[in-house]
Amino acid sequence: MTRKNSVSVPVLFAGAFFVSALSAGGALAKVPDAQINRLGADLTPLGAEKAGNGGAIPEWTGGLSSVPANVTDQYAPDKQAPNPFSADKVQFEITGANMDQYADQLTEGYKALLSTYSSYKMPVYQTRRTCAYPEFVYEATKNNAKVADLTGGGNGVVEGIMGFPFPIPNNALEIIWNHSLRYRAFKLTREFTAAPVTRSGDYELQTVQDEAIIQWSDPTKTNASELNNVSTLYIANTVAPARSAGNVILVHETLNRALEDRRAWQYSPGTRRVRRAPNIAYDNPGTNSDGLSTSDAFDGFNGAPDRYDWTVQGKTEKFVAANTYDAVQAKIDDLIKPLHINQDVVRYELHRVWTIEANIRSGTRHVYAKRVKHLDEDSWTITGTELYDGRGELWRVQELHGRQDYAVPLCNKGAEIVYDLQAGRYLALALQNEGQPTNFNADELDPGRYTPAAIRQLGVR
């Protein structure tokens, strides 16, 4: 199959083929063997530039693939991972007063936060390229570079499995699918809290127990065709506060949206019924978000990309929230403050990021007319997003805190913050402070559990 794109000319790409492929206006060929062979050579196994920039960004030398020696005596599987870089000092701080000095390395979202809130600051630390994954993920990713492809319209992925589908991407849709299908283990469970925060800093925690079987990462599968078109099975059970407890959602995330949309169900303890929930998608209000986020904005972006035209803006060096171990160690009351979270516990580093832009497609609708997304080159994970309203005004800014789960290993994210600049409020998501870390080895999970009947039993109070 051919691939089409209409992409602006980017900067800092990995090689000549990359530039010509992304700049081309017509059909594109599969990635040549010569480019694929660069994975693990001058490129990392996931397609990032292995070399540093001769300055703040160092060479990637393998990342953190096990518990670092300097925190071995502190590490425990049932505790949040200790910070291996606790001795690092703040190199400098970016504030509204000096932000112009760093304008080229700030996203529009950070510029807006620094300009809007006088108390907002960004403490910048030494850059640590910690991302690492199991060897089998690297092997699968290299094979995906040979065989994975987009379905018609870019609304799905075929042929690949396990790893990142497009380590040497040809267009923005392949980049967003790298984020959506990135390796996050096979079976996992966690408990997290969400906090919609008022302008004055008041909040009520929403506690959720969720679990997933990521079938794309099933080690027994060899091709996406074996997944029955479902990439992920997901359950989220709200357990607090009492008035919300027992609300359960079930999602079967489809892999090829050209064949079938996401399947979702919701159990309400008020009605004691399970209903299909097509509203758990696109720009419908996100669960437990108090209207501060949309369903497809969780995790930076999720779901079908079909309401937008996607383009690549380029790869540049930007300050991002990375290796934010201290933010997870903080007490929630110490983290959540009026207007924005406590910036003293957030760590920023200079990283190379891909920037892609999504503009609302003619004939479709969404509350966000434009979305600009920044993805860390080492993990293909969205690290920040700017969300624009129908007037073209910047409405919301998302910040996702990158962190290496070195005991797995995988490059994960911690807290996810959504700042509503127009309302002066924010939403703090995926908080695991004061709780146990994600269990990435939930072998007890069985696909038979992910049914409407099962979530009715789960939601009964």
Side-chain angles (χ1 to χ4, degrees), residues 155-156 180-181 184-196 204-218 227-299 301-304 306-307 366-367 416 427 429-430 435 438-439 442-461:
N155 289 316
S180 296
L181 293 176
R184 286 174 280 185
F186 176 30
K187 297 180 178 182
L188 54 153
T189 61
R190 67 173 176 172
E191 181 173 292
F192 70 89
T193 54
E204 181 179 48
L205 292 179
Q206 314 284 320
T207 304
V208 178
Q209 294 172 344
D210 67 348
E211 59 185 68
I213 298 178
I214 302 178
Q215 299 197 131
W216 175 264
S217 300
D218 185 342
L227 303 182
N228 194 29
N229 199 34
V230 176
S231 65
T232 303
L233 300 168
Y234 177 76
I235 290 174
N237 179 16
T238 300
V239 297
R243 68 175 180 278
S244 301
N247 284 287
V248 186
I249 63 171
L250 165 67
V251 174
H252 291 184
E253 188 72 292
T254 49
L255 182 59
N256 184 350
R257 302 300 170 79
L259 297 177
E260 184 179 12
D261 289 333
R262 167 187 287 168
R263 302 196 297 266
W265 297 262
Q266 185 167 20
Y267 172 78
S268 170
T271 62
R272 296 185 179 273
R273 295 183 63 184
V274 177
R275 289 191 171 94
R276 287 297 295 263
N279 59 318
I280 301 179
Y282 295 113
D283 58 352
N284 290 290
T287 304
N288 296 325
S289 72
D290 198 25
L292 289 167
S293 189
T294 60
S295 288
D296 66 358
F298 291 139
D299 193 40
F301 182 82
N302 71 88
D306 58 343
R307 293 193 180 182
H366 198 288
V367 295
E416 175 182 338
L427 175 68
L429 287 167
T438 301
N439 174 14
D443 296 335
E444 72 279 5
L445 297 182
D446 185 277
R449 172 179 172 85
Y450 295 80
T451 66
I455 68 166
R456 187 183 189 284
Q457 295 300 313
L458 186 63
V460 171
R461 290 184 287 187

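- With sequence neighbours excluded, the residues forming a ring pair (Phe, Tyr, Trp, His ring centres under 6.0 Å) with F301 are W310, listed by chain and number.
- With hydrogens and angles disregarded, a donor-acceptor distance shorter than 3.5 Å links the side chain of N229 to the backbone of N256.
- Sorted by first and then second residue, the pairs that involve residues 207-217 and meet salt bridge (Lys or Arg N to Asp or Glu O under 4.0 Å), not counting sequence neighbours, are R190-D210, E211-R449.
- Among residues two or more places apart in sequence or in another chain, the side chain to side chain donor-acceptor pair (under 3.5 Å) test is passed with T287 by none.
- Contacts of N237 classified as side chain to side chain contact (heavy atoms under 4.5 Å, CB included), with partners at least two apart in sequence or in another chain: Q209, V239, V248, L458.
- Contact of the T254 side chain with the L259 side chain is not registered, since no non-hydrogen atoms from C-beta on lie closer than 4.5 Å.
- A 4.5 Å side-chain heavy-atom check between D290 and L427 finds every atom pair outside the cut-off.
- Side-chain atoms of N288 and T238 include a donor-acceptor pair closer than 3.5 Å.
- Residues passing the side chain to side chain contact (heavy atoms under 4.5 Å, CB included) test with A281 are R262, sequence neighbours excluded.
- Shown here are the side chain to side chain contact (heavy atoms under 4.5 Å, CB included) partners of P278, two or more places apart in sequence or in another chain: R276.
- Looking at heavy atoms from C-beta onward, H366 lies in side-chain contact with D296 at the 4.5 angstrom threshold.
- Remark: R263 engages H252, E260 in a side chain to side chain donor-acceptor pair (under 3.5 Å) (not counting sequence neighbours).
- Rounded to the nearest 0.5 angstrom, F192 CZ and L429 CG are separated by 7.0 Å.
- Every residue meeting the side chain to side chain donor-acceptor pair (under 3.5 Å) condition with R184, not counting sequence neighbours, appears here in chain and number order: D299.
- Take N279 and apply the side chain to side chain contact (heavy atoms under 4.5 Å, CB included) test, not counting sequence neighbours, and it matches A277, N284.
- For T438, the side chain to side chain donor-acceptor pair (under 3.5 Å) partners at least two apart in sequence or on another chain are Q432.
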